[in-house]
2 protein chains.
Amino acid sequence: MSPGPLGRQKLHELVVDALTARLRAAAGARLPSETQLAQELGVSRATVREALRILEAQGMVRRRHGVGSFVSPRGFVEAGIERLESFSETIARAGYRPSAELLSLSETSVPEEVAAALQAPSPLGFEAQTLYRADGAPILFSVVYVPLGIVRSLQELEGRRHWTSMREFFNQELRRPVRYARLAVLAVAAPEGVAGHLALEPGAPVLVMEGVSYGDDDDPLMFTRAYFRTDKYRFTLVRR
Amino acid sequence: MSPGPLGRQKLHELVVDALTARLRAAAGARLPSETQLAQELGVSRATVREALRILEAQGMVRRRHGVGSFVSPRGFVEAGIERLESFSETIARAGYRPSAELLSLSETSVPEEVAAALQAPSPLGFEAQTLYRADGAPILFSVVYVPLGIVRSLQELEGRRHWTSMREFFNQELRRPVRYARLAVLAVAAPEGVAGHLALEPGAPVLVMEGVSYGDDDDPLMFTRAYFRTDKYRFTLVRR
DNA sequence: CAGTGGTCTAGACCACACC
DNA sequence: GTGTGGTCTAGACCACTGG
């Protein structure tokens with residue numbers, strides 16, 4: 001095939017971009033039929049469909065069998081809780097200016113349930129505590145445990161300072177990208193130390209997300225426990 | 001095309017079924033290549049790919065570019081927080097015996113922020129309070145607001161008693177199926193009434209999920225606010 | 001009925017992982 | 001290089017919706 005009128009990169013992604021531009025304007029509008037779009041853009045209908053599938057997954061387009069495709073009334077959908085992104089990204093996406101402060105790095109014996117979740121043979125590992133702010137106000141305090149074996153020494157973990165997020169550190173410096181994370185969501189009373197960092201009264205309700213991040217080979221990379229102030233920042237979630 | 005060796009129903013669904021059977025046995029096993037599967041099953045490669053895409057979305061299969069497709073080590077993945085299902089289903093899926101008790105049904109003026117979220121012209125509507133138990137222990141208390149217009153009278157809402165869940169009621173009795181819900185997740189201190197129903201001290205931390213459910217035409221159907229005991233039941237969530 | 005999205009095919013070439 | 005999954009095409013027919 002020839003690149004067509006669109007040039008390089010994946011064709012259906014270019015179609016996504018082309019359609020995205022149209023979509024910004026008209027909420028609720030009807031899109032041309034798939035066959036029409038294919039002709040207009042000079043690609044096959046299958047490629048148009050792949051693009052529409054992506055837009056539908058993003059919540060930007062609604063397709064109705066036998067009727068047509070429409071721009072979702074909401075237009076752009078904010079990133080939901082189900083998206084794997086760094087806390088900094090999450091904060092930025094919510095419209096705040098993110099900052100992250102690495103409060104401590106240490107070598108420790110990780111809690112028993114954490115070692116179990118990490119399937120770690122040894123309880124030895126490293127702990128990083130980070131405080132995230134949105135527009136300067138603390139909203140998130142996280143404790144990350146990395147088992148010995150993923151990181152060899154505290155010196156290696158020092159590299160974390162160069163990166164704005166743990167995920168970037170794993171991806172860029174350790175070359176062990178995080179592919180997915182399996183988390184539990186719960187509400188707890190803020191423990192003393194946590195409350196202090198988040199500028200809350202001890203015992204105030206906080207949302208906790210905790211669990212394990214996995215790499216390309218389904219190998220456990222780290223255990224994260226994050227405490228959120230939900231009065232300052234709310235997760236949104238679309239259930240389908 | 002001819003139906004092929006598989007018979008009626010959607011072809012790729014039959015392929016999903018055929019593969020699911022294989023998958024139960026071997027965790028971590030490698031699947032034949034897409035081309036091979038297509039030949040074996042007598043379908044096109046595109047159809048095999050559609051089936052694999054479904055299985056991958058279900059978390060049962062892992063595909064790696066240039067390498068092959070594999071049965072996920074975890075096998076079947078539990079439904080996460082992102083799935084739209086009734087609370088009863090959620091509880092059952094978590095391995096408990098669910099029960100739901102309709103505590104009250106009344107006609108009210110809905111709270112202002114609820115009416116706004118529902119895009120309701122009138123603040124008039126109906127309220128249903130339900131307590132859900134898992135193996136007899138209360139874990140979830142929900143307040144649902146339905147605007148006037150979706151339901152006309154309290155009598156109509158009485159039909160709710162015949163159904164185990166609000167979603168079933170909407171789907172079966174009102175013929176207005178819920179297509180998706182847009183929710184916020186937060187942690188709060190349990191208000192007095194709620195704490196009582198959940199057998200908690202007032203002020204104990206509870207997880208709240210609240211938001212609007214939408215129908216086939218993106219029309220707001222109801223506002224739900226649900227309080228969870230996360231010590232008894234935890235949401236799980238896979239971020240990708 | 002006409003028009004839409006949904007499914008399916010057969011075949012081609014590309015990008016990537018591994019030997 | 002060889003084999004894998006990823007992308008793309010051109011064309012066909014099916015299933016649903018709405019006038």
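Here is how names work: the chains are called A, B, and so on, in the same order as the sequence lines, proteins then strands, and each is numbered from 1.
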May I ask you to evaluate whether B:Arg45 reaches the phosphate of C:dT9, defined as a side-chain N or O under 4.0 Å from OP1 or OP2? no

Distance check needed: D:dC16 C1' versus A:His65 NE2, whole Å only. 4 Å

Hits for salt bridge (charged side-chain N to carboxylate O under 4.0 Å, His left out) against A:Arg64, two or more places apart or cross-chain, chain-then-number order -> B:Asp217

One pair to check against side-chain contact (heavy atoms from CB on, under 4.5 Å): A:Leu31 and A:Arg63. What are the steps and the verdict? CA-CA 10 Å; A:Leu31 287 174; A:Arg63 295 151 94 189; over 6 Å; no

Near A:Glu113 CD, under 6.0 Å, is it more than 12 heavy atoms from other residues, nucleotides or ligands? yes

Whole-Å distance, B:Arg62 CZ to C:dA17 P, equals 12 Å

A:Leu41 CG to D:dC8 P, straight-line distance once rounded to whole Å: 13 Å

D:dG5 phosphate, OP1 or OP2, under 4.0 Å from B:Thr35 side-chain N/O: no

Rounded distance (Å) that lies between atom P of C:dC18 and atom CZ of B:Arg64: 7 Å

For B:Arg45, check salt bridge (charged side-chain N to carboxylate O under 4.0 Å, His left out) against everything at least two apart and list the hits. B:Glu34

Would you mind reading off the distance between B:Arg30 atom CZ and D:dT4 atom C1', rounded to a whole angstrom? 7 Å

Rounding to a whole Å, what distance do you find between B:Glu50:CD and D:dC14:P? 19 Å

Taking the nucleotide of DNA chain D with the closest heavy atom to each, which residue, B:Leu52 or A:Val48, is nearer the 5' end? B:Leu52

What's the closest nucleotide to the side chain of B:Arg63 if the choices are C:dG5, D:dG6, C:dA17? D:dG6

With respect to the phosphate group of D:dT9, does any side-chain polar atom (N or O) of A:Thr47 fall under 4.0 Å of OP1 or OP2? yes

Round to a whole Å and report the spacing from CD of A:Glu34 to P of D:dA15. 17 Å

Whole-Å distance separating the CD atom of A:Gln39 from the P atom of C:dT4: 11 Å

Which of these nucleotides, C:dC8, D:dT17, D:dG6, is closest to any side-chain atom of B:Ser44? C:dC8

What's the verdict on salt bridge (charged side-chain N to carboxylate O under 4.0 Å, His left out) for A:Glu107 and A:Arg152, showing C-alpha distance, side-chain angles and the deciding distance? CA-CA 10 Å; A:Glu107 186 162 3; A:Arg152 303 296 174 80; over 6 Å; no

With DNA chain C as reference, determine whether A:Ser69 or B:Gly66 sits nearer its 5' end, using the nearest nucleotide of each. A:Ser69

According to a strict under-4.0 Å criterion, is B:Arg49 in side-chain N/O contact with OP1 or OP2 of D:dG6? yes

